[in-house]
Amino acid sequence: MEAVPFLDLKSINDKYETGIEDSIKRVLDSGWYLLGKEVERFEAEFSRYIGVDHTVGVANGLDALRIILRAFMEMGEMDEGNEIIVPANTYIASILAITDNNLTPILVEPDTNTYNIDPVLIEKHITEKTRGIMIVHLYGQNAYTEKIGELCKKYDLKLIEDAAQAHGAYYNEKRVGSLGDAAGFSFYPGKNLGALGDAGAICTDNNQLAEVCRTFGNYGSQKKYHNKYQGYNSRLDEIQAAVLRVKLKGLDEDNQRRREIANYYLNNIRHPSIILPKSSVENNHVWHLFVLRVSDRKSFINHLEKYGIETLIHYPIPPNKQEGYPELHKYNLPITEKIHDEVVSLPISPVMSNNEVKSVVEAIKSYDI
Ligand SMILES: *Cc1c(COP(=O)(O)O)cnc(C)c1O
């Protein structure tokens with residue numbers, strides 16, 4: 001058995017080392033570091049990959065989501081005080097994107113099988129003030145369902161995808177990121193497609209939305225020194241775009257390796273106190289995280305630690321229990337809270353060796369609670 005780190009970013013990027021070095025040199029030599037050819041090319045390549053008309057590079061995933069919402073507000077599609085439905089168990093960034101725009105997040109419990117928003121529970125949370133649904137493809141698994149699409153049509157709601165954990169995943173034949181009105185991606189180093197620092201992107205087929213987002217992320221300015229909006233400075237760097245272009249070419253292969261590892265875990269971990277994650281064929285999971293549930297989490301983590309197996313918790317505290325969100329403390333969310341008490345993420349990455357994967361399974365076999 002060998003010790004297994006949770007995520008070895010250095011090894012992940014070693015695979016791309018030559019390509020990354022060449023691309024950084026190219027940017028250095030060009031003397032052009034922002035809003036140039038690398039970003040333009042990456043945007044075109046990512047649009048083709050996801051299957052959308054437009055990609056707009058931004059500084060990070062949170063900005064992608066908050067600029068999408070802000071653009072809808074500038075376009076008159078939503079207003080301060082309007083409500084956005086969002087899964088209660090998401091990462092805090094989805095909620096921040098909503099509250100930063102003075103919109104109100106309406107937390108909806110997830111399905112206990114997929115950990116994605118439970119489509120059956122959405123309709124009863126729709127009010128006169130609802131303007132959108134933000135689905136989150138949590139842990140790498142698609143969250144879109146026909147039912148969600150129908151609700152958006154029926155109530156004239158915008159569908160926003162938080163695709164920060166699901167680069168390359170599919171819902172049937174369509175990639176995640178092309179399923180709603182707009183999607184936000186993060187290229188934080190640890191994501192399935194990761195930069196060497198912060199980076200993000202917005203994907204959409206809506207021409208006007210793409211233009212407003214692009215303008216908004218560049219100080220609200222289309223023409224230099226003319227400010228159409230009170231915008232942000234949120235741009236994707238040329239260096240990061242150049243690196244992402246190299247890594248995008250290997251994304252499908254990297255995701256395939258993640259699927260192999262996940263399948264090995266699913267086929268070989270059998271334990272009465274462990275609940276394994278579930279996925280379906282139409283949701284082509286990309287396993288950003290392999291999250292299982294175990295009632296005595298602390299003893300499980302300690303047991304694995306003894307074998308040098310590193311685990312993490314995604315996430316220990318749900319948004320409605322966060323100190324920074326007193327307005328969400330009123331929520332009573334038994335499913336979300338139970339999930340947050342029980343989840344543990346096992347190591348998974350495209351560079352894990354078969355021996356490492358086996359070591360994780362062997363260590364779990366000897367856990368006897
Ligand atoms: C990582 C992440 C984000 C935010 O991305 P950053 O690039 O870190 O701003 C948003 N939503 C989810 C679900 C994420 O996992």
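Computed from heavy atoms alone, side chains included, the values below leave out hydrogens, waters and symmetry copies. Being a predicted model, the structure only gives us computed values, none of them experimental. All ligand and atom numbering here is 1-based and tracks the order in the structure.
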Discussion item. Apply ring pair (Phe, Tyr, Trp, His ring centres under 6.0 Å) to residues His167 and Phe185 and explain how you reach the verdict.
Written reply: CA-CA 8 Å; His167 320 72; Phe185 282 91; 5.5 Å; yes
Worksheet entry | Validation row, ring centre Tyr139 to ring centre Tyr115 under 6.0 Å | yes
Worksheet entry | Side-chain ion pair, Asp254 and Arg258, N-O less than 4.0 Å | no
Item to complete: With heavy atoms under 4.0 Å as the rule, classify the contact between Asp162 and ligand 1 as side chain, backbone, both or neither.
Response: side chain
Discussion item. Taking only non-hydrogen atoms of Lys191, do any sit less than 4.0 angstrom from ligand 1?
Written reply: yes
Worksheet item: What is the distance from atom CE of Met73 to atom CE of Met78, rounded to the nearest 0.5 Å?
Response: 8.5 Å
Worksheet item: When only distance counts, is Ser186 in polar contact with ligand 1, meaning an N/O pair under 3.5 Å?
Response: yes
Item to complete: Output the list of atoms in ligand 1 that are nearer than 4.0 Å to some heavy atom of Asn60, sorted by atom number.
Response: 7 (O), 9 (O)
Fill in: ligand 1 N/O within reach of Leu62 N/O, cut-off under 3.5 Å
yes
Worksheet item: Which residue and non-hydrogen atom of the protein lie closest to atom 10 (C) of ligand 1, and at what distance in Å?
Response: Ala93 CB, 3.3 Å
Item to complete: Dump the intermediate steps for ring pair (Phe, Tyr, Trp, His ring centres under 6.0 Å) on Phe187 and Phe46, then the final yes or no.
Response: CA-CA 12 Å; Phe187 307 117; Phe46 199 64; 5.4 Å; yes
Worksheet item: For Gln165 and ligand 1, does the shortest N/O to N/O distance drop below 3.5 Å?
Response: yes
Discussion item. Regarding ligand 1, does Leu138 bring an N or O atom to under 3.5 Å of one of the ligand's N or O atoms?
Written reply: no
Discussion item. Return the CD1 to CD1 distance between Ile133 and Ile117, rounded to the nearest 0.5 Å.
Written reply: 7.0 Å
